[in-house]
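Along the sequence shown, residues are numbered consecutively beginning with 1. First listed ligand is number 1; within each ligand, the first listed atom is number 1.
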Amino acid sequence: METQKTPMLELIDIYKSFGDVEVLKGISAKIAKGELLTFVGPSGCGKTTLLRIVGGFAALDSGQVILDGEDIGKLPPNMRDTKMVFQSYALFPHMTVAKNIGFGLKLQKWPKKKIEERVGELLSLVHMDELGDRTIDRISGGQQQRVALARALAIEPKVLLLDEPLSNLDANLRVVMREEIRNIQERIGITTIFVTHDQYEAMSISDRLLVLHNGIIQQIGTPVDIYEQPANEFIAGFVGYVNFLEGKVTAIADETRTVTVFTAYGNLELNHSQFDKSEKGDEVLLVIRPETIPLSRSDGPTQQNTFNGIIESFMYAGNFVKYTIKIEDKEMIVDQYNPKDTVKFERGDQVKITVPRSTHVLPKNTAIEHV
Ligand SMILES: Nc1ncnc2c1ncn2[C@@H]1O[C@H](COP(=O)(O)OP(=O)(O)OP(=O)(O)O)[C@@H](O)[C@H]1O
Ligand SMILES: [Mg+2]
């Protein structure tokens with residue numbers, strides 16, 4: 001019986017170079033049945049290359065691709081139980097929507113009646129029941145995207161591979177379509193690899209993200225892991241803005257589960273649970289998210305981890321105000337949500353900020369150069 005522990009797809013130590021350029025340097029990952037995993041990372045980091053290796057459109061130098069227990073790493077694309085949707089969709093423009101969706105079934109010599117039935121099901125799945133007889137050149141970009149998806153799903157592959165499937169769509173349609181892809185994927189329970197360079201798209205569509213950079217997996221984890229427990233400086237800066245603050249562990253109090261860190265602002269008291277085997281004297285990097293920092297008037301009560309600062313500038317964005325605050329010659333970005341019901345500060349105002357005890361901490365040596 002299939003369990004969570006039996007992966008549908010397993011990548012084992014995959015290496016790939018183009019000439020002298022080593023693009024993938026030992027990629028290993030397990031993808032569970034029904035899971036949606038997203039490959040994400042900066043342009044040129046090797047996402048498409050890795051996806052093409054899974055689909056059989058690029059050869060690997062070494063390593064293995066195991067699909068449902070079988071090593072498929074050397075098989076041609078049409079011998080693999082995977083189906084790839086290319087960025088360009090690669091539909092036949094003068095053929096009807098229905099013929100495009102049924103194309104693979106026709107190649108597999110399905111009887112005409114069965115093809116019609118299956119195409120009908122798929123048209124309904126992607127909400128295009130009325131459009132089966134239209135040719136591709138007479139439907140919109142979003143509709144083409146749905147046809148490409150339906151065509152890939154027609155032959156019921158074990159794994160669906162989607163390379164930036166939303167990149168041709170405008171911003172609003174992207175959001176609608178990504179929700180639709182996720183709904184369909186969950187409803188039919190198909191194991192899916194989704195590729196995007198858009199961090200927010202990756203966060204919102206995935207069960208887990210595989211973040212690639214410099215040829216290696218920087219972190220593989222749920223959106224919550226990636227955002228709240230980033231494994232290194234690159235990941236911390238990858239989604240959303242963070243304030244980085246260097247520090248040194250000066251005391252560890254087991255009884256109060258508190259670690260004291262000396263920083264440019266002064267001493268900070270942080271939760272013990274954020275420290276992974278840190279010792280006194282260790283250099284650390286604090287990852288402080290702008291939305292986690294309470295902001296108050298300078299005459300408010302002083303609490304633990306509270307520091308005085310001056311508003312340098314602000315940007316009103318409706319649902320939040322982004323403040324740049326100067327504290328001890330260092331700038332900190334603070335986002336204050338729901339500005340309608342909170343005090344709005346002006347340039348030059350004296351304020352107090354509080355660094356939360358739950359602030360995420362990285363060992364200093366995980367710093368990776370940003371690109
Ligand atoms: N056929 C090829 N020959 C030579 N170099 C290639 C080839 N395909 C890809 N590369 C190089 O390999 C690296 C990874 O490319 P890849 O297309 O996988 O990146 P990507 O992460 O998908 O980027 P993007 O977000 O821009 O689509 C790049 O440096 C690219 O120039
Ligand atoms: Mg790509």
Chemist: Please determine if V23 has a nitrogen or oxygen closer than 3.5 Å to a nitrogen or oxygen of ligand 1.
Modeler: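 For ligand 1, there is no N or O atom that lies under 3.5 Å from one belonging to V23.
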
Chemist: Do E331 and K326 meet the salt-bridge criterion of a basic N to acidic O distance under 4.0 Å?
Modeler: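 Looking at E331 together with K326, the answer is no, because their closest N to O distance does not fall below 4.0 Å.
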
Chemist: May I ask you to check whether over 12 heavy atoms, not counting those of N338, lie within 6.0 Å of atom CG?
Modeler: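 Yes, the 6.0 Å shell around CG holds more than 12 heavy atoms from other groups.
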
Chemist: With the threshold set at 4.0 Å, does a side-chain nitrogen-carboxylate oxygen contact exist between R182 and D207?
Modeler: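 Result for this pair is yes, salt bridge flagged.
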
Chemist: What orientation do F103 and F92 show, parallel under 30°, tilted 30 to 60°, or perpendicular over 60°?
Modeler: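 Correct class here is tilted.
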
Chemist: Hey, are E35 and R208 close enough for a salt bridge, meaning a charged N less than 4.0 Å from a carboxylate O?
Modeler: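 Salt bridge flag = yes for R208 with E35.
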
Chemist: Closer than 4.0 angstrom, basic N to acidic O: yes or no for K16 and E22?
Modeler: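 Not counted as a salt bridge, because no side-chain N and carboxylate O are separated by less than 4.0 Å.
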
Chemist: Around atom 29 (O) of ligand 1, find the nearest protein heavy atom and jot down its residue, atom name and distance.
Modeler: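 Among all protein heavy atoms, the one nearest atom 29 (O) of ligand 1 is G44 O, 3.8 Å.
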
Chemist: Report yes if G41 has an N/O atom closer than 3.5 Å to an N/O atom of ligand 1; otherwise report no.
Modeler: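 In this structure, G41 places no N or O atom under 3.5 Å from an N or O of ligand 1.
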
Chemist: Is it the case that ligand 1 has an N or O less than 3.5 angstrom from some N or O of F18?
Modeler: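 No, no N or O pair falls under 3.5 Å.
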
Chemist: When only distance counts, is S43 in polar contact with ligand 1, meaning an N/O pair under 3.5 Å?
Modeler: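 Such a contact does occur with ligand 1.
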
Chemist: Starting from atom 22 (O) of ligand 1, what is the nearest protein heavy atom, named by residue and atom, and what distance separates them?
Modeler: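 Nearest neighbour among protein heavy atoms for atom 22 (O) of ligand 1, to 0.1 Å: T48 OG1, 2.8 Å.
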
Chemist: Below 30° counts as parallel, above 60° as perpendicular, anything between as tilted: where do the rings of Y323 and F314 land?
Modeler: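 Because their plane-to-plane angle lies in the 30° to 60° range, the rings of Y323 and F314 count as tilted.
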
Chemist: Tell me the protein heavy atom at minimum distance from atom 25 (O) of ligand 1, and give that distance in Å.
Modeler: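 Answer, as residue, atom name and distance: K47 NZ, 2.7 Å.
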
Chemist: Taking 4.0 angstrom as the limit, do R347 and E312 come out as a salt bridge?
Modeler: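 Looking at E312 together with R347, the answer is no, because their closest N to O distance does not fall below 4.0 Å.
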
Chemist: Number the atoms of ligand 1 from 1 as they appear, then name those within less than 4.0 Å of a heavy atom of C45, with their elements.
Modeler: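 That gives atoms 19 (O), 21 (O) of ligand 1.
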
Chemist: Got a protein heavy atom sitting under 4.0 Å from atom 31 (O) of ligand 1?
Modeler: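 There is no protein heavy atom less than 4.0 Å from atom 31 (O) of ligand 1.
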
Chemist: Closer than 4.0 Å to some heavy atom of T49 - which atoms of ligand 1 meet that?
Modeler: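 Per the distance check, 14 (C), 15 (O), 16 (P), 18 (O).
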
Chemist: Are any of the protein's heavy atoms under 4.0 angstrom from atom 14 (C) of ligand 1, yes or no?
Modeler: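 Protein heavy atom within 4.0 Å of atom 14 (C) of ligand 1: present.
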
Chemist: Please state whether the separation between the Mg ion (ligand 2) and some N/O/S atom of T49 is under 2.8 Å?
Modeler: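 Checking the Mg ion (ligand 2) against T49, no N, O or S atom falls under 2.8 Å.
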
